[in-house]
Each structure stands twice: as C-alpha cells, then as structure tokens.
Amino acid sequence: MADPVASKSGFLCMYMSNHPDTLVGYVKHWGKVAEDVSSAKMISIDTKGMTLAYKTKAGGPEKEVRVLFDPPLLGYEEVKPRLISMKVDAEEALGMARAPQITTFRLPFGIWTTNVLLAFLLYVTFSPEPQSPNFAPAYLPAHYARTNLPVWAVTASWWIVVIVHPLEALYALYMARRHRMPFTTGVGYVLGTLIWGLPVLNELRHQRQAARIEIPCVWEDCFGRNNPGAPLIADKGIARALEIERQLNAGEGRTVEELIKSDDPLKGVEAARLRRWFSSNKMIPLRDLTDDFGSAVLFGRLEVVQADILARMHKHAQRSTPDPRAAVVRDIYEMRWGPTQVPIFNLILLSTLLVPAMRPQQLAVARFLINEMKMPVDGRDLSGATGLYHAISTKPAFDPEYAQILVDAGGDVNARNRYGDTTAAEIAMLRDYGADGKQRARDALAWFFAHGGNVDVMNTDGVSARWVMATAHQQMVQVTGVMRALAQLPMWDVVLQEDERRKALGMKACAFCARVKEEGSGKALLLCSRCKCVTYCAPPRKCQMDDWRHHKGRCKPNKASRGSTYLGVPLDS
C-alpha cells in the first residue's frame with residue numbers, strides 16, 4: 001500500500017520551505033547535528049521520518065540527515081500534531097522558545113480507580129484482627145487479604161503513597177513553574193498529584209501536549225485565520241491548502257504553458273502553479289545569454305552595448321523608421337532572456353550577482369541606458385516583477401545602490417507583480433533568521449518606507465504585507481514573549497516606527513506613500529474630494545488610485561457644517 005505521507009511529500013516540503021528556523025531546529029535537535037547550522041530544507045517526508053538537507057556556517061557542501069519518527073506516523077492526519085510537537089521540543093531544548101503556558105486544571109476520571117485502591121489499602125491496613133473485641137464480619141475480607149497477600153505487599157503500597165506521590169508532586173511543581181501556571185491551577189496539580197499520583201500527572205502531560213498543539217504552527221503562519229481572502233491557510237486551514245494541492249494535481253485552471261503566454265493577474269491555483277514553476281526555473285547564462293547584447297550586459301562591456309545600439313539604429317534608419325532611436329529603445333525594452341523572461345534591468349541586477357567583480361561596469365551600463373537612451377525601468381519578468389522589485393526584496397539580494405538608480409529613473413517601489421504582491425510581501429517572508437538575514441530584511445523594509453512604500457496593499461487573494469508581518473509577530477509573541485519576538489522579527493518594529501511617523505505627519509503627508517509633497521516639483525498634496533479626510537500626491541502619481549481599495553471602507557461623503565442664519569438668511573463673516 002502506498003505511503004499516505006510520502007504521496008504528499010512535495011506539498012509538505014513546499015510549505016516547510018517558508019520556515020527555515022523550524023527546519024534548523026529539527027536538524028540540530030532531532031538530527032543531533034552539533035555543528036553551527038546556517039540553513040536547512042526538507043527534501044522528503046514519509047510515515048517513518050523526514051530527510052533534511054542543511055548547510056553549516058563553516059561552509060562546505062550541503063549535507064543530509066534522516067530524522068526518524070518514534071513511533072512512526074499512522075496516517076497523514078498525524079503529520080500536523082507530530083511536526084508541531086517536534087518543533088516545540090526542539091525549540092525548548094535549544095533555548096529558542098519558552099514552554100507553552102498551561103492554564104487549565106481538570107481531574108481525570110482515573111482518580112476513581114486510585115480512590116478505590118487507597119480505600120482498599122486503608123481497609124486492609126487498619127481493619128482489626130479476628131481476636132480483637134472490635135472485630136465484625138465486615139472485616140473478614142481484610143483479614144483474608146492480609147493472610148494471603150505477600151508480607152511486603154501492604155508495606156510496599158504505603159511506601160508508594162508516602163514516597164512516590166510526593167516525588168511526583170515535586171515534578172508537578174516543576175512543571176507548574178516551567179509552564180507558568182496560574183496559582184490555583186498549579187496548586188491543583190501539585191495537591192492532586194500528591195493525593196492521587198499518576199492519573200493527575202498523566203492529565204498534566206495531556207494538558208502540556210494540548211498547549212503545544214495550540215501554538216501557531218507551520219500550517220497557519222502564512223495566510224492565517226483572520227483574513228477572509230487568504231488563498232491557502234485561512235479558517236479552513238489545511239483543508240484549503242490540500243484543496244489547492246488537489247487542484248494542482250488535477251490540472252485545474254490554466255496550464256503553465258497558457259500562463260506563460262498570458263500577462264493577466266493570477267490567484268488561487270493558477271498563482272500557486274506559476275509560483276511553483278517560477279521558483280524551479282532559473283535563467284542560466286551559458287544557456288540563455290547566447291546573443292552579443294545579453295553577454296555584453298552580463299560582463300558590463302559598455303562599449304559593446306553602445307556599438308550594438310548604434311548598429312540597431314543604423315538598421316532602423318535604413319528601413320526608414322521614423323525615429324530609429326526610439327525604435328531601438330523599444331526593441332531593447334521588449335527583449336527577454338531565459339524561461340522566466342528576464343527583462344533588461346532585471347538582467348543587470350542578476351549580472352551583479354553572477355559576476356560581482358564587474359559591478360561598476362554593469363552599473364555603468366544601467367546608467368547609460370537610463371540617462372542616454374531614456375530606457376523605461378518598469379520592464380517585467382514572467383511573474384510581473386520589475387528590476388526594482390527584485391533589488392529591494394532581499395530575494396535574490398538587497399541592493400539599495402542599484403534600487404536608487406531605478407527609483408531616480410522613475411521606478412515604482414509599490415509596483416505589483418502578477419499575484420498582486422508588492423516587494424514588501426517578499427521582504428515580509430523572512431527565510432534567513434540569522435543575524436545578517438534579519439538585519440538585511442529590516443534595512444530593506446526601512447528603505448522601502450523611505451521611498452514611499454506601503455505595506456497595506458493587498459494582493460489578488462486579499463493578503464497584505466502588513467498582515468503577514470503582524471500575524472508572524474503575534475505568533476512569535478505567543479511562543480517566545482514580547483521582547484524575544486521583536487528580536488526574532490525586527491521588521492515589525494520598523495512597521496510600528498513608520499506608523500508613528502505617518503501618524504505624526506497626519507494630513508501633511510500622502511495617505512498612501514507618506515511623501516510630504518511630490519519631490520522636486522513643489523506640488524501641493526490634493527485632498528480627497530469625497531471625504532476630505534486624507535491627502536494624496538498630485539498626478540501623474542497614482543497614489544489615490546492605489547490606495548482606494550484600502551481607503552474606500554472609510555471614505556464617507558463629507559457634510560459641510562451649517563452656517564448661522566437669521567430669519568433664514570445666512571450670516572456670512
């Protein structure tokens with residue numbers, strides 16, 4: 001029979017890829033890896049265990065470790081609680097999280113068995129002997145038990161009550177302190193264990209496991225519970241995620257080939273299909289940069305780029321093209337490389353990563369295309385992302401110098417891809433929880449805000465970058481506490497600082513991008529003509545249009561106050 005978990009391995013690995021800190025905990029604690037692990041990913045999972053690949057901070061090739069499930073999973077429905085339990089165990093052992101709080105006290109049904117046994121022990125121990133004047137026929141079973149039981153049986157039973165129960169109560173006291181129980185709850189478990197022993201202790205263990213299960217887990221931290229438009233993990237949780245997986249496997253929606261040929265916004269299964277395909281297909285220079293122009297851009301050979309442009313202009317002139325220069329700009333703007341259809345300014349960014357030694361020359365090519373050729377910088381790849389989008393998203397890199405070049409040339413930091421995400425959504429999906437990774441994400445978000453970025457823009461599935469970061473922060477608070485949550489997710493601190501800055505500016509700043517006025521023009525901000533409560537940048541900026549989806553719920557018609565009248569005649573000042 002097919003393994004019920006292995007058949008969903010690809011789906012599980014995909015969702016676990018967004019939780020590198022959890023995977024690192026699995027590797028270090030359950031994989032017993034003593035090295036300093038920098039990153040980890042899940043390769044496969046089945047009912048017997050999971051295979052993880054990891055890299056160490058010391059460098060070297062990627063290694064693998066097999067983590068076995070003990071006991072093995074009985075079915076797919078056991079994956080979620082098992083992974084959560086292992087996550088919490090690993091984080092507690094590694095000092096990454098506090099133990100979950102227990103607030104519920106309940107006496108288990110099993111105490112009645114203990115009550116019966118204790119009553120029988122008292123009955124056997126203190127019943128009078130037959131020769132006693134107080135002896136009665138009701139004491140015959142006790143005399144029979146003392147006569148036929150081993151001599152040590154009654155004594156050993158009392159040793160258990162007097163010694164083992166207090167030891168179990170001490171353990172219950174330790175658990176009460178560790179799990180931050182309220183006073184009455186802790187007293188209940190300590191006294192209950194002292195009297196009834198193991199049944200109450202088992203109930204305490206069950207409550208501990210239940211508290212762990214309630215901790216926000218890998219299935220509920222991307223698109224959460226309180227967002228009605230979330231496509232994957234909303235109130236229906238795993239069921240919705242499995243529905244997307246079922247739709248993908250069933251081939252519902254347009255195929256990848258059809259999506260590649262289109263450029264319309266995507267959501268649901270089609271968005272998931274293109275995301276999956278896009279993440280597994282990259283531009284390979286040796287395969288995809290076969291033309292002279294692309295190769296010249298890769299190595300920053302400005303003279304070759306200029307010569308190529310002159311040759312193209314000459315060809316257009318020979319064809320009697322009305323404006324050869326504009327035609328060449330259009331030709332280069334429409335050029336794409338590789339399966340992901342990388343445009344020119346995205347290619348320059350990738351070139352700085354692939355051949356970093358030539359970075360000054362590559363940036364010189366970008367400046368030439370912008371300043372001399374007046375090349376638009378809003379070209380988009382197959383996912384709908386611009387060069388500026390990738391330059392500040394931290395994926396593949398955070399490059400503020402190159403991003404500033406694109407912004408100065410008219411690049412839009414709030415440009416949305418085909419899924420409706422701004423670059424803030426990519427920044428919010430933190431994958432590197434090392435010190436450098438967290439600082440890079442914080443710097444990128446601060447840069448995004450400083451250049452008019454907005455985290456309240458919702459994607460095609462109704463999810464905003466603010467919501468993603470707020471949910472992740474709230475879950476981190478529940479697991480680690482407020483201070484450690486801010487340390488683990490420093491981006492939320494940047495969001496709060498930006499909120500305070502915008503609140504202080506009030507109507508002096510654009511409600512969408514927070515600019516005080518359009519830079520370099522001195523144009524005044526325009527008041528919303530309907531509610532007159534917010535201001536926006538003047539055209540050609542599209543701040544009011546971009547903010548409408550967020551603002552329309554609060555935009556109510558402004559009613560002018562009535563002036564004073566005398567006998568129906570207005571009294572004007």
Looking only at atom types and distance, does a side-chain atom of S464 sit under 3.5 Å from a main-chain N or O of M458, one as donor and one as acceptor?
no
Is Y419 reaching over with its side chain to a backbone N or O of S383, donor-acceptor style, under 3.5 angstrom?
no
Hey, does Y54 have a side-chain heavy atom less than 4.5 Å from the side chain of V33?
yes
Run the numbers on N414 and Y389 for side-chain hydrogen bond (donor to acceptor under 3.5 Å, both in side chains), then give the verdict.
CA-CA 8 Å; N414 291 300; Y389 181 103; over 6 Å; no
Could you give the distance from CZ (F278) to CD1 (I260), rounded to the nearest 0.5 Å?
10.5 Å
Between K261 and E257, is the closest basic N to carboxylate O distance under 4.0 Å?
no
Assess whether side chain to side chain contact (heavy atoms under 4.5 Å, CB included) is satisfied between M86 and V67, documenting all intermediate values.
CA-CA 11 Å; M86 293 176 67; V67 175; 3.8 Å; yes
Could you tell me whether D263 atom CG has more than 12 heavy atoms of other residues or ligands within 6.0 Å of it?
no
Taking C-beta and beyond as the side chain, do H551 and C531 meet within less than 4.5 Å on heavy atoms?
yes
Ignoring hydrogens and geometry, is there a side-chain-to-backbone donor-acceptor pair from N459 to D461 under 3.5 Å?
yes
Check against side-chain hydrogen bond (donor to acceptor under 3.5 Å, both in side chains), T47 and D3:
CA-CA 7 Å; T47 54; D3 190 305; 2.8 Å; yes
Between R416 and D421, is there a salt bridge with N-O shorter than 4.0 Å?
no
4.5 Å side-chain heavy-atom contact, V5 and L12:
yes
Any Lys/Arg nitrogen of E35 or K63 sitting under 4.0 Å from an Asp/Glu carboxylate oxygen of the other?
yes
If you count every heavy atom of other residues, nucleotides or ligands that lies below 6.0 Å from M507 atom CE, does the total exceed 12?
yes
Salt bridge R66-D46, side-chain N to carboxylate O under 4.0 Å:
yes
Flag if over 12 foreign heavy atoms under 6.0 Å of NZ, K395:
yes
Value rounded to 0.5 Å, distance of OH in Y402 from CG in L353:
10.5 Å
Go through the structure and list residues passing side-chain hydrogen bond (donor to acceptor under 3.5 Å, both in side chains) with R106, not counting sequence neighbours.
E203
Salt bridge present between D546 and R541 (N-O < 4.0 angstrom)
no
Is the closest side-chain heavy-atom distance between I370 and F345 below 4.5 Å?
yes
Looking at T185 and M181, would you say the former's side chain and the latter's main chain have a donor-acceptor pair under 3.5 Å?
no
Compare all side-chain heavy atoms of R502 with those of N454 and state whether any distance is below 4.5 angstrom.
yes
Check side-chain hydrogen bond (donor to acceptor under 3.5 Å, both in side chains) between E270 and all other residues, then give those that pass, not counting sequence neighbours.
R254
Under the side chain to side chain contact (heavy atoms under 4.5 Å, CB included) rule, what do W548 and C555 come out as? Steps first, then yes or no, please.
CA-CA 9 Å; W548 177 241; C555 188; 4.0 Å; yes
Is the shortest side-chain heavy-atom distance between P339 and W277 below 4.5 Å?
yes
Between D399 and R359, does any NZ, NE, NH1 or NH2 come within less than 4.0 Å of an OD or OE carboxylate oxygen?
yes
Contacts of K542 that satisfy side-chain hydrogen bond (donor to acceptor under 3.5 Å, both in side chains) - sequence neighbours left out:
none
Test side chain to side chain contact (heavy atoms under 4.5 Å, CB included) on C537 and Q544 and set out the steps.
CA-CA 7 Å; C537 293; Q544 186 171 16; over 6 Å; no
Any side-chain heavy-atom pair of V534 and L527 under 4.5 Å
no
Backbone N or O of E252 within a donor-acceptor pair of the R273 side chain at under 3.5 Å?
yes
Atom CG of D443 and atom CZ of F398: how far apart are they, to the nearest 0.5 Å?
6.0 Å
Using atom types as modelled and distance alone, determine if a side-chain donor or acceptor of E258 lies under 3.5 Å from a backbone N or O of T255.
yes
Output the distance between atom CG (L347) and atom CE (M283), rounded to the nearest 0.5 Å.
5.5 Å
I'd like to know whether R501 forms a side chain to side chain contact (heavy atoms under 4.5 Å, CB included) with F449, so could you lay out the CA-CA distance, the side-chain angles of the two residues, the decisive distance to 0.1 Å, and finally the verdict.
CA-CA 10 Å; R501 185 181 77 88; F449 282 136; 5.6 Å; no
Listed partners of F105 passing ring pair (Phe, Tyr, Trp, His ring centres under 6.0 Å), at least two apart
Y189
Using 30° and 60° as the class boundaries, would you call the ring planes of W447 and H451 parallel, tilted or perpendicular?
parallel
Quick check against the 3.5 Å criterion: does S393 have a side-chain atom that pairs as donor or acceptor with the backbone of E426?
no
Rounded to the nearest 0.5 Å, how far apart are CG of L349 and NE2 of H390?
8.0 Å
Just how far is it from atom CE of M429 to atom OG1 of T394, taken to the nearest 0.5 Å?
11.0 Å
Donor-acceptor pair, side chain of S280 and main chain of R276, under 3.5 angstrom:
yes
Is any NZ, NE, NH1 or NH2 atom of the basic residue among E62 and K41 found under 4.0 Å from an Asp or Glu carboxylate oxygen of the other?
yes
Sorted by chain and number, sequence neighbours left out, side-chain hydrogen bond (donor to acceptor under 3.5 Å, both in side chains) with R466 holds for D456, D499
According to the side chain to side chain donor-acceptor pair (under 3.5 Å) rule, which pairs have a member within residues 334-351, sequence neighbours left out?
D291-W337
Side chains of Y26 and V65: closer than 4.5 Å at any heavy-atom pair?
no
